[in-house]
Amino acid sequence: MSEEREERKLVKALRAGDEAAFRRLIEMYHAMLVRVARMYVSTQAAAEEVAADTWLAVLEGIDRFEGRSSLKTWLFRILTNKAKTRGMRESRVLPFSSLEREEPAVAPERFQGPDERAPGHWSAPPRAFPEERLLARETRDVIARAIEMLPPTQRAVITLRDVEGWSAEETCNALTLSETNQRVLLHRARSAVRRALEEYFQDSE
Amino acid sequence: MTDTAYSYDELSCQELVELVTDYLEGAMPRELRKRFERHIGKCTGCHTYLEQIRETIRATGALTTESITPEAERALLDAFRDWRR
């Protein structure tokens with residue numbers, strides 16, 4: 001069943017008070033809502049609360065939901081608004097603060113310096129990843145840890161895009177980010193995960 | 001390994017690694033895209049780098065998505081039953 005059709009079915013069932021439909025929705029989205037809320041609020045507990053409030057608002061508003069946007073977009077819009085309000089109350093700095101320091105994708109030492117033969121070209125080029133280990137359990141743990149270490153906004157973007165497989169457009173809508181910002185965050189996040197993998201494969205050779 | 005004979009309009013490897021996401025997202029002006037691809041075609045290091053990023057994306061996609069904790073699920077289902085009443 002297409003995602004769209006499944007959504008329409010779930011909305012209809014939810015309006016009729018169907019618990020199984022609600023259960024399905026929270027299984028699909030709750031963990032992501034919490035993760036996205038963490039972009040704006042300072043504790044896991046606060047993020048859980050914001051996500052729970054979002055579901056209450058969904059139940060209250062489901063009769064008015066017209067399906068002009070997707071349910072997913074609507075859900076994350078509600079969440080983002082609530083989390084922002086809550087974050088402001090906590091007077092926490094909103095995403096895109098200087099906290100998300102700009103780090104080069106690859107350490108500058110890996111490239112030739114201005115006085116060398118070909119400035120800006122690799123002095124220590126990368127080596128191919130060992131294909132057979134890419135999907136190993138331990139490799140997945142390395143990736144999961146690297147994602148956990150990211151600043152919250154990068155973490156949310158890479159999770160939606162690369163773990164959940166959302167499109168760029170869906171991700172921008174859900175997180176109220178511009179296309180450019182979304183891409184910059186994705187770039188930093190992917191670069192960091194690549195670095196973690198490179199280090200891991202090198203150390204365990 | 002890395003081709004060192006390059007002209008001024010060519011990207012350096014250090015520049016290229018910062019453009020990889022724009023490239024993969026299809027968010028690059030055509031002219032730049034051509035330069036990017038020209039570089040990749042000649043430079044083993046950058047070719048490998050792009051491959052690593054693709055593999056990083058693929059491996060990240062193999063992570064299992066988090067699911068709701070049992071406590072949160074219980075609390076939400078309680079709230080749902082209240083709402084339905």
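Every chain is numbered from 1 and lettered A, B, ... according to where its sequence line falls, protein lines coming before strand lines.
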With a 4.5 Å cut-off on side-chain heavy atoms, are His30(A) and Glu66(B) touching?
no
Output the option from Glu198(A), Glu179(A), Glu48(A), Glu60(A) having the highest count of non-hydrogen pairs under 4.5 Å with chain B.
Glu60(A)
Most heavy-atom pairs under 4.5 angstrom with chain A, which of Val20(B), Leu24(B), Asp22(B)?
Asp22(B)
Which bit of Phe129(A) is near chain B, if near means a heavy-atom gap under 4.5 Å: side chain, backbone, both or neither?
both
Interface residue of largest heavy-atom contact number with chain B, from Thr159(A), Asp141(A), Val106(A), Thr139(A), under 4.5 Å:
Val106(A)
Please classify the contact between Gln52(B) and chain A as side chain, backbone, both or neither, with a heavy-atom cut-off of under 4.5 Å.
both
With respect to chain B, which residue among Leu134(A), Leu59(A), Val163(A) yields the maximal number of heavy-atom pairs within a distance under 4.5 Å?
Leu59(A)
Strictly below 4.0 Å, N to O, side chains only: are Arg23(A) and Glu73(B) in salt-bridge contact?
yes
Looking only at Ile26(A), Thr180(A), Val193(A), the option with the highest number of non-hydrogen pairs under 4.5 Å against chain B is Ile26(A)
Between Arg58(B), Glu15(B), Arg81(B), which has the largest tally of heavy atom pairs under 4.5 Å with chain A?
Arg81(B)
Between Glu18(B) and Arg188(A), is there a side-chain N and carboxylate O pair less than 4.0 Å apart?
no
Give me the ring orientation class for Phe22(A) and Phe80(B): parallel if the planes are under 30° apart, tilted from 30 to 60°, perpendicular past 60°.
parallel
